[in-house]
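Below are the structure tokens for one structure; questions will follow.
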There are 2 protein chains.
Amino acid sequence: MISRDHATLRLAVDLAILTVRESALQVLTITRANDPFRGQAALPGGFTRTDEGIEVAAKRELLEETGLDGAGMHLEQLSVYGEPFRDPRGRVVSVPYLAIMPDLPVPTAGSDASTAAWRPVAEVRGTLAFDHDEILDEAVERARRLLEFTTLATAFCEPVFTIGDLRAVYETVWGEPLDPRNFSRKVVNTEGFVEETGEKRLPGVGRPAALYRPGGQKDLNPPILRTR
Amino acid sequence: MISRDHATLRLAVDLAILTVRESALQVLTITRANDPFRGQAALPGGFTRTDEGIEVAAKRELLEETGLDGAGMHLEQLSVYGEPFRDPRGRVVSVPYLAIMPDLPVPTAGSDASTAAWRPVAEVRGTLAFDHDEILDEAVERARRLLEFTTLATAFCEPVFTIGDLRAVYETVWGEPLDPRNFSRKVVNTEGFVEETGEKRLPGVGRPAALYRPGGQKDLNPPILRTR
DNA sequence: ACAAAAGTGTTCCTTCTACACCCATGA
DNA sequence: TCATGGGTGTAGAAGGAACACTTTTGT
């Protein structure tokens, strides 16, 4: 039985899970199996449980809906959505999180996740259930800013990656081309951004690129500012 | 009757209201009149009402507890605090907001507000009820960052102010001295940060300073970065 | 040899920093 | 005339943007 009164307040978490895939910024969406908005695309999420912390709930939903273990993953909390009538079922306040991951196939483990799929952000904008379009916009904007001031771009990449891979992340998320030569220097010279592995990637074509691991640093100092 | 079960979830808003006063960063605190934490200092706040939006609730609490009308005021949402046992009364999730205002006397309008008072941040750190110490730390850190990337420093000032006043805000919030000459140039040359009034302030001593109004711009481009 | 991607060196230009110096007022 | 805070000029340092050029691979 679903509550319809507004005196009873429930807390939900939603997840804007972003990746770079096929040269496009993509987001993990599910197709809603139940009313309201049955059949429509939405961000994965669900209600928090009694005595469950909010970030814990977010990681649990991540696992349930995508089969991905978010144990070590960075979740970035976005602003809370609590308009009284945002959910037709009653008073639901949502705490949305931004998660960033490499281009992995969706394991489709849980029951709800059977419909989980990567979709290009440009394609889903304006089509999501509830106020998830707003959440997605905020997530993308946050991701853009995180690339400027933190080393989180490496979270879009595989465990080892080339500077070219990393540059592709910046170019895709920011939607603007960057000078490969200046970018390379900036990244390599920034203490703690990336760490050499000593290996090289066998190329399809061109000179093999050096492979790197994420460095220890979280904040990017100096930042890599985009030209506005 | 206060609920003690955790199945019933209630949503609260808390306010970290900052000002610069007597050359120190100060925060508005109340002394709790009721258990839990009776007699201890805390941030003003309260529960949201049925069918009331969250930011609306924050502005209502601001009015009730300080007598200040936050109609046009910028409220900056901080991260949500929802640990299951953060409030001994039951499951309470708090949405904290940062508010910035000039050094106004606290009107002490509402009943709860009789104990409202400005206190230096340095003095109250570690003494607040609930997890309000954490919230305050986050608020101060956010305020520091806002000064770098937005024009919100003007919110600490009276409706008209001198560049010296504005510099005092930066120095107090950042806790480091700035070069008055370079600061002045940077502010005046940044499009939309401040706007000349044509007036001058009658000085106690020294050359009279030009008076300015806040400019139209919200974001600060280029940013005023502090040296870390 | 050629195409393509990786990476280095160098030049130009903008911005920041430090500080010498001048300005306008009260005591 | 001196102290004090407001404000301009300017030289040097630092960092970013643009781009010529070299390196290393596959075909």
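To find a chain, count down the sequence lines: A is the first, B the second, and so on, and within it residues start at 1.
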> Counting side-chain heavy atoms from C-beta on, which of D:dG7, D:dC19, C:dC19 comes nearest to B:A209?
Replying inline: D:dG7

> Can you find a donor-acceptor pair, distance only, under 3.5 Å between A:R185 side chain and C:dG9 base?
Replying inline: yes

>> By nearest atom, which of the nucleotides D:dG7, C:dG7, C:dT17 is closest to the B:A210 side chain?
In response: D:dG7

> Among the nucleotides C:dA5, D:dC19, D:dG7, which one has an atom lying closest to any side-chain atom of A:R207?
Replying inline: C:dA5

> Contact class for B:R167 vs. all strands (heavy atom < 4.0 Å): base, sugar-phosphate, or nothing?
Replying inline: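 The answer is sugar-phosphate, as B:R167 gets under 4.0 Å only of primed atoms, P, OP1 or OP2.
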
> In terms of the angle between their ring planes, are B:F130 and B:H132 parallel, tilted or perpendicular, with boundaries placed at 30° and 60°?
Replying inline: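 The rings of B:F130 and B:H132 sit tilted, inter-plane angle from 30° to 60°.
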
> Taking all atoms of both residues into account, what is the closest heavy-atom pair of A:V80 and B:Q77, and its distance?
Replying inline: N-OE1, 2.7 Å

>> OP1 or OP2 of D:dA17 versus the side-chain N and O atoms of A:K186: is any pair under 4.0 Å?
In response: yes

> Do B:R226 and B:E176 meet the salt-bridge criterion of a basic N to acidic O distance under 4.0 Å?
Replying inline: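 A salt bridge is absent here (no side-chain N lies under 4.0 Å from a carboxylate O).
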
> Looking at B:E141 and B:R144, does any basic side-chain N land under 4.0 Å from a carboxylate oxygen?
Replying inline: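 B:R144 and B:E141: salt-bridged.
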
> Of the nucleotides D:dC19, C:dC19, D:dA17, which one has an atom closest to the side chain of A:D179?
Replying inline: D:dC19

>> Checking contacts here: which listed nucleotide (D:dA17, D:dG5, C:dA18) is nearest the side-chain heavy atoms of B:N182?
In response: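 Ranking D:dA17, D:dG5, C:dA18 by closest atom to the B:N182 side chain puts C:dA18 first.
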
